[in-house]
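Fair warning: this is a prediction, and the values are worked out from it, not measured in the lab.
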Amino acid sequence: MTGTSPRRKTGGRQAQIGLADIEREGLRLGLANLTVNGVATALGVTPAALYRHVDGKLGLESLVGEAVLAELHIVDDPADDLDAHLLSFAQQLRTFVLDRPGLAAYMQGLFPRGAAGLRLQREAVEALGRRGYGAAGAVMLSGTVASLAINLAAAEERHRPYHEGPHQRELEKVYALLAADEVLAPVHAELPAISSGDYFSMVMTACIRGLTTAAPPDRSVAEILTGLGLVD
């Protein structure tokens, strides 16, 4: 829908809003704080005025989420081999998602939900096509790597508040609980300190190696599933 609807009267005149206004205020609020009431208040209209343009909260999320994803452009270095490409793909997703709170939750729902999501999926298929994959295998592999990366980023996003402010006390309680356990204390003492970025890369590298071993470019999706014992 591209028409306009009235705002509340201001100074005797009837102001108008459109999708561009809704998108602008939605982006300003951010996906993590996005609500129909919040956008309506920012625009000086009733929630009913927004419903003339978007299909409730999910429609508002799609409008704003796709506008955010339109800014995401995965860089594909042609010099990267398959594993290096997939790790770079995952790392770029993580960085983009963590810089935009609420985007991980949006992408964990339905995907793709619009033109920006479709573009990203097509580009991922094309990148793996350049490395020997057919479209079906590329969709399965890139989708799996993206899901793992987004889920890890979402967990990292949820954990961030515990490293600052009043929430940090709860993290200190966890450390104290582990330190007091006779079995777990010496185990955790042996574990090296590792940054969240390095942890992400470690997990994704291990997962990618397993995925590309199970799903090499020369196997069809049916052959991959058969090899994993998932189909006869």
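- Atom CG of L120 is separated from atom CG of L72 by 5.0 Å, given to the nearest 0.5 angstrom.
- Closest approach of S142 to V139, counting heavy atoms only: OG-O, 3.5 Å.
- Considering only heavy atoms from C-beta on, Y133 comes within 4.5 Å of L82 through its side chain.
- Here the CD-CG distance, from E61 to L103, works out to 11.0 Å after rounding to the nearest 0.5 Å.
- Within the 3.5 Å criterion, the main-chain N or O of S220 finds a donor-acceptor partner in the side chain of E223.
- Counting only heavy atoms from C-beta outward, the side chains of Q91 and S201 approach each other to under 4.5 Å.
- Taking 4.5 Å as the limit, every side-chain heavy atom of Y199 sits out of range of all side-chain heavy atoms of E156.
- Using a 4.0 Å cut-off between a side-chain N of Lys or Arg and a carboxylate O of Asp or Glu, R122 and E126 do not qualify as a salt bridge.
- Checking side-chain atoms of S88 against main-chain N and O of A84 turns up no donor-acceptor pair under 3.5 Å.
- Hydrophobic clustering of Ile, Leu, Val, Met, Phe, Trp and Tyr side chains at less than 4.5 Å, counting indirect connections, keeps V68 apart from L118.
- Note that CG of D80 and CZ of R130 are 11.5 Å apart. Values are rounded to the nearest 0.5 Å.
- Under a 3.5 Å cut-off, the side chain of R113 and the backbone N or O of L58 do form a donor-acceptor pair.
- The shortest distance between side-chain heavy atoms of R52 and I17 does not fall below 4.5 Å.
- For the pair H53/L63, no side-chain contact is recorded, criterion being any heavy-atom separation below 4.5 Å from C-beta on.
- In this structure, L86 is not a member of the same hydrophobic cluster as V125, with clusters built from ILVMFWY side-chain heavy atoms closer than 4.5 Å.
- For R131 and D83, the salt-bridge test fails: no basic side-chain N is under 4.0 Å from an acidic carboxylate O.
- At distances below 3.5 Å, not a single donor-acceptor pair connects side-chain atoms of D181 with backbone N or O atoms of L178.
- Between the side chain of Q121 and the backbone N or O of P112 there is no donor-acceptor pair closer than 3.5 Å.
- Atom CG of residue L230 and atom CD1 of residue I224 lie 11.0 Å apart, to the nearest 0.5 angstrom.
- Environment of CZ in R209: sparse, with no more than 12 heavy atoms of neighbouring residues, nucleotides or ligands closer than 6.0 Å.
- Atom CG of residue L60 and atom CG of residue L34 lie 4.0 Å apart, to the nearest 0.5 angstrom.
- Between H85 and F89, the angle of the ring planes stays under 30°, which puts this pair in the parallel group of the 30/60° scheme.
- Between the side chain of D198 and the main chain of I194, no donor-acceptor pair closer than 3.5 Å is present.
- Counting heavy atoms from C-beta outward, L69 and Y106 have side chains that approach closer than 4.5 Å.
- Under the 4.5 Å side-chain heavy-atom criterion for Ile, Leu, Val, Met, Phe, Trp and Tyr, L211 and L225 are members of distinct hydrophobic clusters.
- Salt bridge present: E170 and K173 bring a charged side-chain N and a carboxylate O closer than 4.0 Å.
- In this structure the side chain of R119 reaches within 4.5 angstrom of the side chain of H73, judged on heavy atoms.
- At a threshold of 4.0 Å, the pair R169-E172 does not count as salt-bridged, since none of the basic side-chain nitrogens sits closer than that to a carboxylate oxygen.
- How far CG of L141 is from CG of L128: 5.5 Å, rounded to the nearest 0.5 Å.
- When all heavy atoms of V39 and E25 are compared, the closest pair comes out as CG1-CB, 4.2 Å.
- The minimum heavy-atom distance between V36 and G56, with the atom names listed, is CG2-C, 4.1 Å.
- In this structure, F111 is a member of the same hydrophobic cluster as L152, with clusters built from ILVMFWY side-chain heavy atoms closer than 4.5 Å.
- Side chain of E157 to main chain of G102: a donor-acceptor pair is present (N/O by atom type, distance under 3.5 Å, no hydrogens or angles).
- Residues L98 and I74 do not share a hydrophobic cluster, defined by chaining ILVMFWY side chains whose heavy atoms lie under 4.5 Å apart.
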Going through the distances and angles, do V97 and R94 end up as a side-chain contact (heavy atoms from CB on, under 4.5 Å)?
-> CA-CA 5 Å; V97 164; R94 171 184 175 269; 6.0 Å; no
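- Stacking of R160 on the aromatic ring of Y162 is not recorded, the 6.0 Å distance cut-off and the 45° axial limit not both being met.
- Between G59 and V54, the closest heavy-atom pair is C-CB, 4.0 Å.
- Between L43 and R24, the closest side-chain pair of non-hydrogen atoms falls below 4.5 Å.
- Taking both residues in full, the closest heavy atoms of A116 and A70 are given as CB-N, 3.7 Å, listed atom of the first, atom of the second, then distance.
- Between A215 and M140 the shortest heavy-atom distance is CB-CE, 4.4 Å.
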